[in-house]
Amino acid sequence: MKYWLMKTEPDVFSIDDLASRPDQSEPWDGVRNYQARNMMRDEMKPGDGIFFYHSNCDVPGIVGVARVLREGYPDHTSWNPESKYYDPKSSPDNPRWFMVDVGFERKFSETISLQCLRSLSELSEMPLVRKGNRLSVMPVGEYEWNFILGLAQ
DNA sequence: GCCAACGTTGGC
DNA sequence: GCCAACGTTGGC
């Protein structure tokens, strides 16, 4: 089992949105970055843990835990001309973009802010706290996973 | 294959 | 809103 961190802008899709879905799950569509795609297509497996991260907001940080429910499959929004995620180079026969299904697990009582994560030397190896990291899906080590869960009590 | 121009991300 | 960092595009 592996661990991940997935970023989302809460104005677009927040952990509360995930929790209030009828089945508390959501296809993680719209990722248009090759590194992130490769992880979703090739590496993420059902049962893997996900830190749910809010970006571009008042207090950016980890707000809870989700779980991979379904491994990578083609992101159909990529061949829908009506979608804002449309990519003319993607088609059902030759899908360019992939997504996973994500399920709600828990919301932390308080956001573990990026500022807090940056301040902890134990987490200095995380890609998240490295300067200029823009990946919306990134792996989390088992040590960091458990350490951060400890912060959340 | 290089690299300048351009677009996007995301913290601040 | 600014801007640094980084990814993508496309001319050559």
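Each chain gets a letter, A, B and so on, in the order the sequences are listed, and its residues count up from 1.
Both A/N56 and A/R96 lie near DNA chain C, and the one whose nearest nucleotide falls closer to the 5' end is A/N56.
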Going by atom type alone, with no hydrogens or angles, which donor-acceptor pairs under 3.5 Å involve a side-chain atom of residues 62-77 of chain A and a protein atom two or more places apart or on another chain?
{"unit_1": "A/R67", "atom_1": "NE", "unit_2": "A/E105", "atom_2": "OE1", "d": "2.7"}
{"unit_1": "A/R67", "atom_1": "NH1", "unit_2": "A/G47", "atom_2": "O", "d": "2.9"}
{"unit_1": "A/R67", "atom_1": "NH2", "unit_2": "A/E105", "atom_2": "OE1", "d": "3.4"}
{"unit_1": "A/R67", "atom_1": "NH2", "unit_2": "A/E105", "atom_2": "OE2", "d": "2.8"}
{"unit_1": "A/E71", "atom_1": "OE1", "unit_2": "A/K45", "atom_2": "NZ", "d": "3.2"}
{"unit_1": "A/Y73", "atom_1": "OH", "unit_2": "A/D101", "atom_2": "OD1", "d": "2.5"}
{"unit_1": "A/Y73", "atom_1": "OH", "unit_2": "A/D101", "atom_2": "OD2", "d": "3.4"}
{"unit_1": "A/D75", "atom_1": "OD1", "unit_2": "A/T77", "atom_2": "N", "d": "2.9"}
{"unit_1": "A/D75", "atom_1": "OD1", "unit_2": "A/T77", "atom_2": "OG1", "d": "2.5"}
{"unit_1": "A/D75", "atom_1": "OD2", "unit_2": "A/G30", "atom_2": "N", "d": "2.9"}
{"unit_1": "A/D75", "atom_1": "OD2", "unit_2": "A/R32", "atom_2": "NH1", "d": "2.9"}
{"unit_1": "A/D75", "atom_1": "OD2", "unit_2": "A/R32", "atom_2": "NH2", "d": "3.3"}
{"unit_1": "A/D75", "atom_1": "OD2", "unit_2": "A/T77", "atom_2": "OG1", "d": "3.3"}
{"unit_1": "A/T77", "atom_1": "OG1", "unit_2": "A/R32", "atom_2": "NH2", "d": "3.1"}

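Here the side chain of A/Y34 is nearest to one of C/dT8, B/dG11, B/dG7, namely C/dT8. For A/R118, the listed nucleotide lying nearest its side chain is B/dC12; candidates were C/dC6, B/dC12, B/dG10. Closest contact between the side chain of A/Q35 and the listed nucleotides C/dG7, B/dG11, C/dC6 involves C/dG7. Among the nucleotides C/dA5, B/dG11, C/dT8, the one closest to the side chain of A/K131 is C/dA5.
Atoms CG (A/D11) and C1' (B/dG11) sit 15 Å apart, rounded to a whole Å. Taking atom OH on A/Y85 and atom P on B/dG7, their separation rounds to 20 Å, with Å as the unit. Remark: P of C/dT9 and CG of A/D87 are 8 Å apart, rounded to the nearest angstrom. Rounding to whole angstrom units, CZ of residue A/R130 and P of B/dT9 are separated by 23 Å. At whole-Å resolution of the value, NZ in A/K89 and P in C/dT9 are 5 Å apart. Remark: P of B/dT8 and CD of A/E9 are 13 Å apart, rounded to the nearest angstrom. What separates CG of A/L114 from P of B/dG11 is a distance of 6 Å, to the nearest Å. When the P atom of B/dC12 is taken as reference, atom CD of A/Q115 falls 7 Å away, rounded to whole Å.
Side chain of A/S83 to main chain of A/Y85: a donor-acceptor pair is present (N/O by atom type, distance under 3.5 Å, no hydrogens or angles). Judged purely by atom type and a 3.5 angstrom limit, A/T111 has no side-chain atom pairing as donor or acceptor with the backbone of A/S113.
At the phosphate of B/dT9, neither OP1 nor OP2 sits under 4.0 Å from any side-chain N or O atom of A/K7.
Between the side chains of A/D23 and A/S25, a donor-acceptor pair is found at a separation under 3.5 Å. Of the N and O atoms on the side chains of A/Y34 and A/R41, not one donor lies less than 3.5 Å from an acceptor on the other residue.
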